[in-house]
Structures are given as structure tokens and as C-alpha cells.
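Structure record follows, encoded as C-alpha cells.
Just so we're on the same page: letters track the sequence lines, and every chain starts at 1.
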Protein chains: 2
Amino acid sequence: MSRKLAYRNLPQLFLKAREELLCHFRPIISHFGLTEQQWRILRTLSETEQLEPREICEICHILSPSMTGVLSRMEEMNLVTRERMPEDQRRVIVRLTPKSEQLVSELGPLIVEQYKVIEKAFGAELIKELYEVMDRVIAAERGPIPRVALPPKKDWSAL
Amino acid sequence: MSRKLAYRNLPQLFLKAREELLCHFRPIISHFGLTEQQWRILRTLSETEQLEPREICEICHILSPSMTGVLSRMEEMNLVTRERMPEDQRRVIVRLTPKSEQLVSELGPLIVEQYKVIEKAFGAELIKELYEVMDRVIAAERGPIPRVALPPKKDWSAL
DNA sequence: GTTGACTGGCTAATATGTTAGTGATTGAAT
DNA sequence: ATTCAATCACTAACATATTAGCCAGTCAAC
């Protein structure tokens with residue numbers, strides 16, 4: 001027994017590494033009463049002025065059903081405005097409010113400062129390689145990757 | 001306006017890269033009626049025989065309050081057993097059931113096979129560097145990293 | 001003009017993440 | 001023996017993740 005698989009759990013490593021990073025930013029973000037997802041959206045919108053929900057989903061890696069709730073709460077908090085497009089009643093435009101513009105202008109520099117602290121601690125070399133490898137992983141996804149054949153479904157509840 | 005921060009959102013890159021990987025495993029895992037977290041726990045237990053909840057939390061990167069629910073459901077599904085330690089009534093021992101041992105022995109090889117497929121598509125080189133950089137990020141966390149000074153709290157709800 | 005495929009945001013149901021706090025238990029210090 | 005801090009699993013409340021499906025709006029083909 002106690003046999004290990006041939007490959008270490010790579011997604012789990014990502015999870016851990018991500019958490020090691022994020023724990024240095026989380027206190028800053030929550031200090032301003034924001035969640036991590038809300039900050040992702042604010043940051044994105046501050047760099048793009050206006051976006052549609054599905055674009056925000058794509059960029060911020062938040063699924064559509066989650067986005068509905070997140071945007072509702074942010075609208076409630078007066079962080080964003082939602083406006084239907086007249087020419088296509090299905091689509092919606094999301095924008096920052098003056099309040100959140102102000103918020104980003106105060107929060108943003110702190111985030112950058114923390115990045116510099118981390119870069120110093122980790123070494124600029126490591127950070128550079130990190131960005132590089134991540135980009136290669138994401139780019140590698142361009143070719144279709146086959147999926148292993150799955151056995152017929154089995155009724156595990158019986159056991 | 002539209003000014004970008006000096007650093008790209010690194011945690012978000014991790015999120016994306018992780019998803020690019022995980023999407024190749026998720027179908028396999030859910031084919032067996034498991035969630036991603038349940039598989040993390042099963043895999044870990046299969047490599048260690050028995051563990052306490054807080055150890056599983058640490059290894060699998062699941063917070064304690066989530067773990068309570070996850071383990072309850074897994075116990076309900078007859079995937080694990082929970083047993084209080086006699087010598088310390090606070091602590092609990094979690095073990096695999098024969099059913100889940102069987103499940104792991106069928107699922108595990110498929111996971112390994114999928115890793116090989118991915119390694120072939122990404123290039124063994126990239127995978128190797130990936131593991132290496134991740135380990136360095138996690139190891140870099142050994143030294144205490146200072147936190148930027150935060151301004152006094154402000155009542156943003158007023159705006 | 002109607003049909004039919006499609007799109008985009010949404011709801012519903014369930015599982016997990018996050019933060020704060022509870023209660024029983026243990027072990028060390030009094 | 002009693003106090004006290006620490007530990008561990010758990011609960012509560014809320015936010016988000018995940019999967020499935022719904023519904024109105026659009027657009028092209030008929």
C-alpha cells in the first residue's frame with residue numbers, strides 16, 4: 001500500500017504557490033472592505049474603462065453565475081454601474097463609479113508597493129522566471145490536448 | 001485614465017494556469033462522481049494510510065470549516081471513516097474505506113496517463129521547469145516578508 | 001413574417017472558501 | 001485540585017465556485 005502516483009499533484013502546487021503570494025495582498029484588499037474577486041474586477045475596469053460582464057468573466061476568471069452575484073453586490077456598494085445597451089438589449093455595460101476610481105487610486109499604489117517588497121524577498125530573478133513559465137503554460141494550451149479514454153460508468157454507491 | 005499597475009496580476013495568472021491544467025483532469029474526476037477536493041483528499045489518504053483532519057487541511061489546502069462539510073459528505077458516501085482518538089478526545093483519525101481504495105486504484109492510473117498526455121503536449125522541459133519554479137516560490141516563503149503600511153481605515157460607504 | 005439556432009445574463013441547487021466565534025478537551029502552571 | 005492558555009473540531013454567516021438549465025433578445029435562413 002501507500003503507493004504514490006508517478007506525478008506530484010500539480011494543480012495543488014499551483015494552489016499552494018498562489019496562496020503563498022495572495023496572503024501578502026489579502027490584508028491590503030480587505031482593509032478597504034473588498035474581497036479578492038471584487039478587487040480583480042476593479043483593477044480590470046480601471047485599466048479598461050468599460051466592459052461587458054462576459055468580458056469581465058473571461059479576464060478575471062470568474063464564472064458567469066458567480067459574476068451575477070458579485071456585480072449585484074458591487075452595484076449595491078456603489079462600486080460599479082450596470083447599464084443595458086440600447087442596440088442590443090441582451091448586453092450590459094459595466095463601469096466604475098467615481099467612488100471606486102478614488103478607491104483604486106488609493107489601493108493600487110499599495111499593491112504595487114507590496115509587489116516590490118515581494119520581489120525583493122523572492123529575488124527579481126525568480127519573479128521574472130515565474131511570469132515567463134506561467135505565460136508558457138497558458139500559451140501551451142493553444143493546441144488541443146487529447147483526453148484519456150474513460151471506462152464505463154460504474155455504480156459506486158453500491159459498495 | 002486607464003493607467004495600468006506596474007505589475008501584472010500574478011495571483012490571477014496562477015488562477016488561469018491552474019485552470020488550464022485542471023480542465024484536463026476535471027472530467028476524469030467527475031466521471032467517478034467526485035469533486036476536485038474529494039479527489040485531493042482520497043489521493044492524499046491513499047499515500048499516507050491515515051491522517052487527522054488538520055493534517056489533511058494542511059496538505060490539501062482546504063480550510064478547516066470547509067473540511068468539516070467535505071468529510072461529512074465523504075463519510076455519507078462511504079468514502080472515509082472518522083474515528084475519535086481514545087487518548088485525546090479532541091482529535092480524529094480519518095481513513096479510506098475499501099470502496100475508496102478500490103476507487104483510487106481505478107482512478108489513479110487514469111490521472112497518471114493524463115499527466116503523460118499533458119507532458120507530451122506541453123513538453124517535458126516546461127513541466128520540469130514548472131515544478132522547479134513552483135518549489136522555489138513555495139520555498140522562498142521561508143523568510144518573513146514585511147507588509148506595506150496601511151493608511152487609517154476610511155468610511156467608503158459614505159461616498 | 002416565422003422559424004430556429006444562437007447569444008448573454010440570469011436563476012436554482014449544491015459544494016466550497018472565508019472569517020469569526022463556540023465548546024469540549026488537554027496539559028501546564030499554580 | 002484549580003486555573004488558564006492552547007488545541008481541535010465544529011458551527012454560523014456570508015461570498016464565491018460549479019453545474020445545469022431558463023428566458024428574452026438577436027439574427028440569418030427560409
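- Here the SG atom belonging to B:C57 is positioned 7.5 Å from the CG atom belonging to B:L71, to the nearest 0.5 angstrom.
- Using a 4.0 Å cut-off, no side-chain N or O of A:R18 falls inside it from OP1 or OP2 of C:dG17.
- With DNA chain C read from its 5' end, the first of the two nearest nucleotides for B:D88 and B:H61 is the one closest to B:H61.
- The shortest heavy-atom contact between A:S105 and A:Q102 is OG-O, 2.7 Å.
- Here C:dC10 presents its P atom at 10 Å from CE of A:M67, a figure rounded to the nearest Å.
- Between B:R54 and D:dC8, a side-chain N or O to OP1/OP2 separation shorter than 4.0 Å is present.
- Contact annotation for A:S66: base contact, defined as any heavy-atom pair under 4.0 Å involving a base atom.
- The side chain of B:Q37 places no N or O atom within less than 4.0 Å of a non-bridging phosphate oxygen (OP1 or OP2) of D:dT18.
- Note on A:T35: only backbone sugar-phosphate atoms sit closer than 4.0 angstrom, heavy atoms only; bases stay farther off.
- Under the side chain to side chain donor-acceptor pair (under 3.5 Å) test applied with B:R40, the options B:E36, B:Q38, B:Q37 reduce to a single match, B:E36.
- Rounded to whole Å, the distance from CD1 on A:I62 to P on C:dT16 is 20 Å.
- OP1 and OP2 of C:dC10 both lie 4.0 Å or more from every side-chain N or O belonging to A:R90.
- Between the CG atom of B:L51 and the P atom of D:dA9 there is a distance of 11 Å, given to the nearest Å.
- Atom CD of B:E58 sits in a sparse spot, with 12 or fewer heavy atoms from other residues, nucleotides or ligands closer than 6.0 Å.
- Within 4.0 Å of A:R84, counting heavy atoms only, lies no atom of the nucleic acid at all.
- If you check every strand for non-hydrogen atoms under 4.0 Å, A:E87 touches sugar and phosphate atoms only.
- Nearest to the side-chain atoms of A:P65 among the listed nucleotides C:dT26, D:dT18, D:dA17 stands D:dT18.
- We find that CD of B:E19 is positioned 18 Å from P of D:dT16, with the value rounded to whole Å.
- Distances from the side chain of B:L63 to the nucleotides C:dT18, D:dT18, C:dC10 place C:dT18 closest.
- The separation between A:R91 atom CZ and C:dC6 atom C1' is 14 Å, rounded to whole Å.
- OP1 or OP2 of D:dT16 lies within a sub-4.0 Å distance of a side-chain N or O belonging to A:R73.
- As a whole-Å value, the separation of B:W39 CH2 from C:dT16 P is 16 Å.
- Between A:L79 and the options A:I41, A:L34, A:V104, A:L45, a side chain to side chain contact (heavy atoms under 4.5 Å, CB included) holds for only A:L34.
- Across the interface with DNA chain C, nearest-nucleotide mapping of B:Q89 and A:R26 shows A:R26 to be the residue nearer the 5′ end.
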